[in-house]
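Proteins get letters first, then strands, A, B, ... in listed order; numbering begins at 1 in each. These numbers were taken from a predicted model, which means no experiment stands behind them.
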Protein chains: 2
Amino acid sequence: MPRPPRLTAEQITETALRLGDRDGPQAMTMRRIAAEVDCDPMALYRHYANREALLDAVADAAVAGVEAPAPDAPWAERLTRLLTAIRDAALEHPGIAAHIASRPPLGPHGRRLAAALLGTLSDAGLSPADAVRTFQTLTAYLAASLAMGVQAGTRDARWEQVRTVVDELPGGMPGEELAVVGSTDQFSYGLQLLLDGIRARSAAPPA
Amino acid sequence: MPRPPRLTAEQITETALRLGDRDGPQAMTMRRIAAEVDCDPMALYRHYANREALLDAVADAAVAGVEAPAPDAPWAERLTRLLTAIRDAALEHPGIAAHIASRPPLGPHGRRLAAALLGTLSDAGLSPADAVRTFQTLTAYLAASLAMGVQAGTRDARWEQVRTVVDELPGGMPGEELAVVGSTDQFSYGLQLLLDGIRARSAAPPA
DNA sequence: ACCTGAACACCGTTCAAGT
DNA sequence: ACCTGAACACCGTTCAAGT
């Protein structure tokens with residue numbers, strides 16, 4: 001009789017997520033993940049085709065806790081709440097945030113959230129074609145905001161350098177705290193810009 | 001008398017750019033770049049602190065050919081032309097496009113283009129604070145569009161998979177060619193959305 | 001048939017030894 | 001003083017050998 005496998009796919013992703021949160025993205029190597037779950041590195045390949053597939057699964061696990069807002073709120077509010085929740089969830093896991101930024105999660109949780117997003121855009125009165133295009137625009141913006149994401153204690157040195165350059169630009173605002181690259185304030189501003197654009201195409205204004 | 005150095009920083013970035021275009025991003029390793037310029041790998045460290053610094057310089061070289069539009073056109077048109085030109089330049093260099101997407105070039109050419117962008121937003125009537133915020137939003141959107149960028153013959157297998165998932169989503173449009181993730185059409189749509197949002201905040205409409 | 005780990009073909013970077 | 005390349009401490013993944 002076949003014993004249940006000592007190692008499950010979920011155990012691997014959960015452990016990898018914790019490892020990344022603790023030691024950063026560069027720690028999420030096959031060898032170190034294997035050491036963390038105390039198995040041979042090759043055992044991981046029994047559950048995932050390669051490192052990329054494993055990281056995709058970890059990314060999906062990172063957004064598992066995000067819930068789609070109830071459909072009774074106005075569409076603009078639902079969009080804001082959902083996108084903010086995804087951003088927050090990703091930033092809570094610094095180990096995998098950059099991976100999520102490089103492409104949206106495609107596992108069950110990612111698809112669930114994508115469906116919620118598309119449904120909300122449909123409720124906003126967009127045609128199916130425009131809903132898909134807008135969905136992709138919002139996804140792109142969210143991904144880039146994550147890449148620039150700054151969380152307390154997780155400041156990315158490279159984006160910090162970008163901020164310095166922006167400050168030194170003619171017309172820039174040296175010392176302006178509001179304009180911090182990747183801040184929540186900055187994210188909200190761009191999102192409002194996009195929502196205004198969507199409103200202009202929407203047949204059902206939010207009021 | 002000190003001879004001129006056999007190897008210049010420009011030679012290195014130009015060679016690395018060609019190598020990346022020919023063999024892809026994963027070919028741009030210190031060792032292979034060194035082999036391409038026919039020097040010891042360690043000689044590269046005489047010109048760049050580390051691999052990241054070298055790739056930053058290559059990214060800046062990739063946008064060297066982009067010129068800011070003349071300031072007599074309406075601001076919306078100037079924004080569109082400039083962002084499109086940067087996107088085109090980056091997509092012409094598949095070896096470095098993903099690196100540019102992960103953060104904007106910070107070298108002389110990158111700063112030149114950033115200054116042009118900020119100036120145009122100022123011409124649009126935005127306050128300095130809003131210009132900086134909008135600049136960052138546009139930069140974020142451009143970066144993400146690049147990450148999803150699909151160029152003839154350069155289709156990224158991972159984003160191809162995203163397209164498949166989007167097609168299968170409820171409310172999605174299976175077989176809809178217009179909605180290709182990362183397409184130029186898709187890029188323009190999102191950019192228009194943002195321009196509409198900017199217009200709403202602009203004191204000087206383009207007409 | 002399944003699993004394991006040695007081995008392969010690489011990395012970026014350090015640093016001691018050479019000129 | 002400058003430069004070089006051997007060596008270090010890793011990678012992801014293949015595959016032959018074991019159970």
Taking both distances under 3.5 Å as the test for a Watson-Crick or G-U pair, what stems of at least three pairs does DNA chain C have? C:4-8 with D:12-16, C:12-16 with D:4-8
Distance only, no hydrogens: is a donor on one side chain within 3.5 Å (strictly under) of an acceptor on the other, for A:Ser145 and A:Gln186?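 Not at all, the side chains of A:Ser145 and A:Gln186 share no donor-acceptor pair under 3.5 Å.
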Nucleotide [N], atom [atom2] - distance to [atom1] of [X] in whole Å:
| X | N | atom1 | atom2 | result |
| --- | --- | --- | --- | --- |
| A:Asp40 | D:dC11 | CG | P | 14 Å |
| A:Asp23 | D:dC10 | CG | P | 13 Å |
| A:Leu7 | C:dC3 | CG | P | 11 Å |
| A:Leu44 | D:dC11 | CG | P | 13 Å |

When the P atoms of C:dA9 and D:dA9 are compared, how many Å lie between them, rounded to an integer?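 To the nearest whole Å, 22 Å.
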In whole Å, measure the gap between the P atoms of C:dG18 and D:dC8 for me. 16 Å
Under 3.5 Å, is there a donor-acceptor pair between the side chain of A:Arg32 and the main chain of A:Ala16? no
Taking A:Asp123 for the side chain and A:Trp75 for the main chain, is one N or O donor matched with an acceptor at less than 3.5 Å?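 Side chain of A:Asp123 to backbone of A:Trp75, a donor-acceptor pair under 3.5 Å: no, none is there.
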Distance (rounded to the nearest 0.5 Å) between B:Leu193 CG and A:Leu138 CG: 7.5 Å
Measuring from B:His93:NE2 to B:Arg18:CZ, what's the distance to the nearest 0.5 Å? 11.5 Å
When you compare the side chain of B:Leu194 with that of A:Thr137, does any pair of heavy atoms fall below 4.5 Å?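 No, every pair of side-chain atoms sits at 4.5 Å or beyond.
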Each nucleotide in nucleotides 12-19 of chain C should get exactly one letter: B, S or -. Can you fill that in based on protein heavy atoms under 4.0 Å? BBB-----
Does B:Thr29 form a side chain to side chain donor-acceptor pair (under 3.5 Å) with B:Arg51? I'd like the steps, not just the answer. CA-CA 8 Å; B:Thr29 68; B:Arg51 182 170 119 96; over 6 Å; no
Sorted by first residue and then second, give each salt bridge (charged side-chain N to carboxylate O under 4.0 Å, His left out) pair with at least one member in residues 34-45 of chain B; sequence neighbours left out. B:Arg22-B:Glu36
